[in-house]
Amino acid sequence: MDRNLGRATGIIRRVLDALLLALIVVVLGGVVLGKLVPLTGRQTIIIGGGSMEPAVPLGSAVIIKPVDAGELNAGDIVSLKAGPQNTLFTHRIVAVIDRPDGRWVQTKGDANADQDPTLVHASAIVGRTEMVIPLAGYLIALLSIPTGVLFLVGLAASLLAGAWLLESLEPELAVKGSARPPSSGRPITGEPIAARRIGPALSIGPAGAAFAPRPTIPEQLALSRETRVRRARWNSAFPFRDHRPLP
């Protein structure tokens, strides 16, 4: 069980690492769109309506570039200001009309049934759309408010803390898992090591010295008999040797 738990912990930690890396990449992308794109002479516009779906979904971020009036063509998606409050919106050009006072365009939202009610002068066009990034507008809006920044920082800190905690638990679970004997499905037989007896047992004396216990009488008789047999064999091998002790 500990081994399975350690494997699951490792998988969850890798998932948290991947989520943390993805969050960092997404936040850096939002910073690039919001702060670095304007340095190139372009603008990032957040789409707050669904009039251009499905080409430009709600919540998308579009990168627009200023364009000359002579380069406008039907089919271009442009961001323009119109109305008494100069409201910025993004629609598609469906017609280009040249008049003595300049070039005018007729626009329409892809999801709208009718065209926009009035023509728009080319000077009101802020830029032509170069790139559409779905859902990126939500990220830019989140990064533009302090509470959004705090939310992303807290989320990143939570993922980092979770990954660090799981990583610190992995070695402990690995040690517990390796300490268990492998289960082979067969009963383990045999005598425990503590119950086995290898060689003669030793006794411990009062001073801590180890010595062999005194042999019993049957053991002494067997040892004496074995000694006499070895001596008889020796004498039979050397019959002419004087075995009498020296005076």
Side-chain angles (χ1 to χ4, degrees), residues 18-156 159:
L19 291 176
L20 179 60
L21 181 60
L23 178 62
I24 293 174
V25 172
V26 169
V27 171
L28 289 178
V31 172
V32 170
L33 290 175
K35 301 298 181 182
L36 297 184
V37 168
L39 299 179
T40 64
R42 296 169 173 81
Q43 295 184 40
T44 302
I45 305 297
I46 299 175
I47 303 301
S51 62
M52 280 299 295
E53 291 184 349
V56 185
L58 174 65
S60 300
V62 296
I63 298 177
I64 62 174
K65 182 180 180 181
V67 60
D68 293 334
E71 298 179 359
L72 295 174
N73 299 301
D76 292 342
I77 299 177
V78 294
S79 296
L80 50 97
K81 293 181 179 180
Q85 297 181 352
N86 286 332
T87 303
L88 181 66
F89 62 95
T90 301
H91 275 182
R92 189 185 300 273
I93 297 177
V94 296
V96 177
I97 303 171
D98 292 322
R99 292 180 175 178
D101 58 349
R103 173 166 285 192
W104 295 73
V105 296
Q106 179 70 58
T107 58
K108 174 182 177 296
D110 290 355
N112 295 341
D114 300 326
Q115 299 178 354
D116 294 334
T118 58
L119 297 178
V120 179
H121 195 270
S123 60
I125 295 177
V126 179
R128 182 168 54 191
T129 299
E130 288 189 335
M131 182 181 297
V132 179
I133 307 173
L135 303 179
Y138 296 115
L139 176 63
I140 297 175
L142 191 63
L143 291 173
S144 63
I145 55 177
T147 54
V149 175
L150 291 177
F151 169 76
L152 293 176
V153 171
L155 180 59
L159 293 174

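Along the sequence shown, residues are numbered consecutively beginning with 1.
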Worksheet item: Which pairs, with at least one residue in residues 72-119 and sequence neighbours excluded, count as a ring pair (Phe, Tyr, Trp, His ring centres under 6.0 Å)?
Response: Phe89-His91, Trp104-His121
Worksheet item: Could you give the distance from OG (Ser60) to CG (Leu135), rounded to the nearest 0.5 Å?
Response: 6.5 Å
Worksheet item: Does one side chain, of Ser51 or Asn112, offer a donor that lies under 3.5 Å from an acceptor on the other?
Response: no
Item to complete: Any ring pair (Phe, Tyr, Trp, His ring centres under 6.0 Å) involving residues 28-69? Give me the pairs, sequence neighbours left out, ordered by first then second residue.
Response: none
Worksheet item: Taking the side chain as C-beta and beyond, is there a heavy-atom pair between Ile77 and Arg128 under 4.5 Å?
Response: no
Worksheet item: Where do Gly127 and Ile64 come nearest, in terms of heavy atoms and distance?
Response: C-CB, 4.0 Å
Worksheet item: So, do Ile125 and Leu72 sit near enough that their side-chain heavy atoms are less than 4.5 Å apart?
Response: yes
Item to complete: Sequence neighbours left out, what passes side chain to side chain contact (heavy atoms under 4.5 Å, CB included) with Ile24? Give chain and number order.
Response: Leu20, Leu28
Discussion item. According to side chain to side chain contact (heavy atoms under 4.5 Å, CB included), who are the partners of Val120, at least two apart in sequence or on a separate chain?
Written reply: Leu80, Val105, Ala124
Fill in: Residue pairs involving residues 31-49 (criterion salt bridge (Lys or Arg N to Asp or Glu O under 4.0 Å); sequence neighbours excluded)
Arg42-Glu130
Worksheet item: Under 4.5 Å between any side-chain heavy atoms of Lys108 and Asp114, yes or no?
Response: no
Discussion item. Assess the residue pair Arg103 and Ile97 against the criterion (side chain to side chain contact (heavy atoms under 4.5 Å, CB included)); give the C-alpha distance rounded to whole Å, side-chain angles, the decisive distance to 0.1 Å, and a yes or no.
Written reply: CA-CA 6 Å; Arg103 173 166 285 192; Ile97 303 171; over 6 Å; no
Worksheet item: Heavy atoms, side chains only, cut-off 4.5 Å: are Val126 and Leu88 in contact?
Response: yes
Worksheet, complete the sentence: Tightest non-hydrogen contact, residues Ser79 and Ile45, listed as OG-CG1, 4.4 Å
Fill in: Minimum side-chain heavy-atom gap Ile47-Thr90 below 4.5 Å
yes
Worksheet item: Donor-acceptor pair, Glu53 side chain versus Leu58 backbone, under 3.5 Å?
Response: yes
Discussion item. So does Leu33 get a backbone contact from the side chain of Thr44, meaning a donor-acceptor N/O pair under 3.5 Å?
Written reply: yes
Worksheet, complete the sentence: Heavy-atom closest pair (Val94 atom, Gln115 atom, distance to 0.1 Å) is CG2-NE2, 3.9 Å
Worksheet item: Which atom pair, heavy atoms only, marks the closest approach of Gly41 to Pro66?
Response: O-CD, 3.4 Å
Worksheet item: When you look at CD of Gln85, are more than 12 heavy atoms from neighbouring residues, nucleotides or ligands closer to it than 6.0 Å?
Response: no
Fill in: Chi angles and distances behind the side chain to side chain contact (heavy atoms under 4.5 Å, CB included) call for Leu152, Val27
CA-CA 8 Å; Leu152 293 176; Val27 171; 4.1 Å; yes
Item to complete: For residues Ala74 and Ala95, report the shortest heavy-atom separation together with the two atoms involved.
Response: CB-N, 4.5 Å
Item to complete: For the residue pair Thr147 and Leu142, establish whether any side-chain heavy-atom pair is separated by less than 4.5 Å.
Response: no
Practice prompt. Would you mind reporting whether Leu139 and Leu143 have side-chain heavy atoms less than 4.5 Å apart?
Written response: yes
Worksheet item: Hey, is the main chain of Asp116 close enough, under 3.5 Å, to the side chain of Gln106 for a donor-acceptor pair?
Response: yes
Worksheet item: Looking at Val132 and Pro57, what are the two nearest heavy atoms and their distance?
Response: CG1-CD, 4.4 Å
Discussion item. Tell me which pairs pass salt bridge (Lys or Arg N to Asp or Glu O under 4.0 Å) where either residue lies in residues 86-97, with sequence neighbours left out.
Written reply: Arg92-Asp110
Worksheet item: Quick one: does Leu23's side chain get under 4.5 Å of Leu155's, heavy atoms only?
Response: yes
